[in-house]
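One structure is given below, encoded as structure tokens.
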Amino acid sequence: MKDIREFLVKIILIYLNLIFIFRVMEVTFKISNFSYVLFSSLFLTVIVLVYVFKFVIKKFYVKALLILLIISMLAFLTYNNMEYINKLMLRNNSYMQYLNNAIYNREATEFFQYKILIITLLPVLIVISIFISNIFPNFIILISFASTTFFWYYGYTSIVKRYLFLYLVLTIVTLSINNFLKEKRVLNQRSIKTELPILKAALYMFVLSLMISSLQSFFPKNYKGHYRELRDNIANRLLPNKNATSHMYNISSSGYPITESKLGGPITLDDREVFKVRSNRPYYLRGSSKDFYDGFSWRNSIDTFKKVGDVNPLPKVEGGRSFFLKTESVKNELTIYPTNLYTSTIFSTLYTEGMSIGNKTLYINKEGDLLSSKVISTPYTIRFYDDNEKYSKITPGAKNSKVMDAIDFEYKRSYMEGEMENYKKYLELPKNIPKRVYDLTKQITSKDKNASESLISIYNYLNKNYKYSLQVSDIPQNKEFVDYFLFEEKKGYCTYFATASVVMLRIAGIPARYVEGFNMTNNKNENGLYVVTNRNAHAWVEVLVSPTYNTWGVFDAVPSAPEILRTDEEKAEEKENNQIQKKLQDTNTVDKRPQQQLEKGEKNIDLKEFVVNKVLWIALGVFFIICIFILIKKYRTNKIIRSQSIIPLYQYILARLETEGIVIPSNTGDLEFWKDYDDVYIRFIMSDLCSLVYEEYYGQYNNLKGLDKISYYNSIEKYLRDKQSKIKYIFFYFVVL
């Protein structure tokens, strides 16, 4: 019983400290609608499981079997809900991208954005705290101290000051009670009995902590904790990750699937602004490029990032043997103003020749992707050669004839001189691409005499025969992505067209790579800045134009502008919904039900389904908790009955009688009290039981052989059932252990 009490005290201290940490986090990070009910429910669930393992189940093999059962159930649930879990991971990744940026910029956040993270990590934190506290009792104080210190040095000085009194109270109480319990265990080991109960000791310690903590109000308040340099260091190194590449842009941050794990599937985009751009016209802003395709996803075959400097400068903008970008282009620049995108990627155009980005270390790889050593939160300017899409954009239009001529000339000379050998990785294809993809590509390009004609044929085929749509189905497991798009789905969004373009171009012998970034539109704000949102996130292809000078051009076979198609698709869907509603209204004119009533009925059905599901889960949860309490009660009862001592039974009965207000005064002996008790039924049972306890405790005499302890137990329970209401009896029956 003492072990259980100490365990409960320890749990309460851990709970209070964690509640304090999350309360400060709620205020500092401006979290709306924080759910302490969810927090407490998670905490209670974990504690019940820990309690069962620690006190109810004693045999090791039973614990091992139960752990195996739990792991098996989790594995089964995970396997059968992989699609849902993947969606949760994608959603959580999007939330984390937003939260990192919002927290850094002191913007408000919502609890639902933290929910997945809390549900995943909080139980682990609780278990770790309980486990380590057995070895180091004050471990929870370290966690609280580390959290408070973080908030202080991250710039939330005024908020930490506001909660400093509460922090000191909790710390002193936790430290005092833990040390008290430690000393009490030492005394018990030496057979020295202590008279001071834990509740009285806790009260004294609480009063003392209030007095000591009150002293902080007299301290000077002119100290500060906001160090921007340190905050930036934490934000860019400890919080996001350890290096710049860990926060390289990925289109998944805008709502698309993570292309490095699995391509395709339904998506939901939003209009959240990511940055603004000051420029003379819209451009393709490249973020990251990938060269390796495995039939299901994209990634880089090798990390080639190097620090930009004298040894590794930005690549020179030349053009090719047959054309010169410097003479055929004009120098231009654009400025990007980050708002809601948390990334270390520097978005740039093709043919970038310089930039102004402040005091940051820059990195560049062989594909021309640019990274900053720190997450970018301030404006930066890109300087580039603007060729007015002579070579930087490849389409079948007449104005792009120069790039077609350049490609044919550059490829012919490069093949002759062996320069194409340097671009082998941009021609590689996985073995799982079906033969019909090769056959289709060869059929499309069969009449083409050179690379430029093959480019036009592939562009026209994809552009005219496949529909841009966000309404796509899930890709079947182990199904090669391009094959499924070309022959079965026959519609898709940008990653579908970009991936199919790369594969078909490579089959045709044209080096190509996959690129993710943003395609600016003509959407401007009142200040004349282009507004770029998650809906402008885009994937396209870059095709090699000049192997000699490593010059590339944009190849984007998506039919029309994606933002227009998205809008048209949404309008079509809205129109279809209106038509359905009109038909329903016409059908129901006989019984004269207005459309509003029909919609109300449909909402009621949805609400009923929601309520039924909620009630079902709540009922299962309650049933699970009841089962746990029944098992615990049964275990404790059997332990009392089978004990070689009568004292546990006596102590249990005393606790049960306390629920009816029967308490022995501190100045009266037990046997004396029971012999003079008014109720004859209780007087007879307890006097007899107390005499046996006296014989065992004081006379060291134990004559339990043949003693029917169950009759004492049942007699007291019968007495309490008759005296108490059913609800009160059932409640205290399971609470008193």
Side-chain angles (χ1 to χ4, degrees), residues 1-8 47-66 188 193 197-198 623-664 669-671 673-675 677 679-737:
M1 191 61 123
K2 290 181 180 178
D3 291 341
I4 295 176
R5 286 175 182 170
E6 288 188 8
F7 174 76
L8 291 175
I47 296 310
V48 169
L49 290 173
V50 173
Y51 179 86
V52 171
F53 274 93
K54 189 175 179 67
F55 295 103
V56 178
I57 303 174
K58 295 295 183 180
K59 295 181 179 179
F60 174 78
Y61 75 90
V62 178
K63 291 182 180 181
L65 286 174
L66 186 56
N188 288 336
K193 293 186 178 180
I198 181 64
F623 176 74
F624 174 75
I625 293 172
I626 290 173
C627 290
I628 292 294
F629 272 100
I630 290 173
L631 289 173
I632 294 172
K633 185 68 179 180
K634 186 174 179 61
Y635 170 80
R636 297 295 297 166
T637 303
N638 290 337
K639 188 175 180 180
I640 290 171
I641 299 301
R642 293 175 183 174
S643 175
Q644 295 298 314
S645 172
I646 193 71
I647 294 174
L649 176 62
Y650 181 69
Q651 290 176 333
Y652 169 78
I653 291 177
L654 288 180
R656 292 289 286 125
L657 291 174
E658 281 184 17
T659 64
E660 191 55 29
I662 303 173
V663 181
I664 302 173
D670 286 29
L671 190 57
F673 176 79
W674 294 123
K675 285 185 175 180
Y677 194 70
D679 193 304
V680 178
Y681 184 81
I682 292 296
R683 184 198 310 162
F684 174 77
I685 295 172
M686 295 306 295
S687 297
D688 189 25
L689 188 60
C690 188
S691 297
L692 292 170
V693 170
Y694 274 29
E695 286 181 17
E696 179 184 341
Y697 189 76
Y698 294 107
Q700 300 297 316
Y701 175 71
N702 191 348
N703 186 20
L704 295 177
K705 191 174 182 179
L707 179 65
D708 188 7
K709 287 197 274 186
I710 296 178
S711 63
Y712 286 102
Y713 179 91
N714 291 336
S715 298
I716 294 299
E717 294 300 333
K718 180 180 181 302
Y719 171 80
L720 292 173
R721 276 198 301 271
D722 295 338
K723 287 283 185 179
Q724 298 175 344
S725 65
K726 289 184 179 180
I727 296 175
K728 182 180 179 181
Y729 173 79
I730 292 172
F731 175 77
F732 284 114
Y733 178 77
F734 287 107
V735 169
V736 177
L737 300 176

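The structure presented is a predicted model; accordingly, all values stated were derived computationally and were not measured.
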Query raised in the report: Below 4.5 Å, heavy atoms only, C-beta onward: do Ile662 and Asp679 meet side chain to side chain?
Result: no
Requested in this report: Would you please name every residue forming a salt bridge (charged side-chain N to carboxylate O under 4.0 Å, His left out) with Lys728, sequence neighbours left out?
Outcome: Glu660
Requested in this report: Would you please name every residue forming a salt bridge (charged side-chain N to carboxylate O under 4.0 Å, His left out) with Glu658, sequence neighbours left out?
Outcome: none
Requested in this report: Answer yes or no: is there a donor N or O on one side and an acceptor on the other, between the side chain of Tyr652 and the main chain of Thr637, under 3.5 Å?
Outcome: no
Query raised in the report: Just by modelled atom types, is the Ile640 backbone N or O under 3.5 Å from a matching donor or acceptor in the Ser643 side chain?
Result: no
Query raised in the report: side chain to side chain contact (heavy atoms under 4.5 Å, CB included) with Asn638: which residues, sequence neighbours excluded?
Result: Lys634, Arg642
Query raised in the report: Quick one: side-chain hydrogen bond (donor to acceptor under 3.5 Å, both in side chains) partners of Asp688, sequence neighbours excluded?
Result: Tyr712
Query raised in the report: Rounded to the nearest 0.5 Å, how far does CG of Leu657 lie from NZ of Lys723?
Result: 11.5 Å
Query raised in the report: Rounded to the nearest 0.5 Å, what separation is found between the CD1 atom of Ile685 and the OG atom of Ser711?
Result: 8.5 Å
Query raised in the report: Take atom CZ in Phe53; do more than 12 heavy atoms of anything else shown fall under 6.0 Å from it?
Result: yes
Query - ring pair (Phe, Tyr, Trp, His ring centres under 6.0 Å) involving Tyr650 - partner list, sequence neighbours excluded - result: none
Requested in this report: List in chain and number order the residues that pass ring pair (Phe, Tyr, Trp, His ring centres under 6.0 Å) with Tyr729, two or more places apart in sequence or in another chain; answer none if no residue qualifies.
Outcome: Tyr733
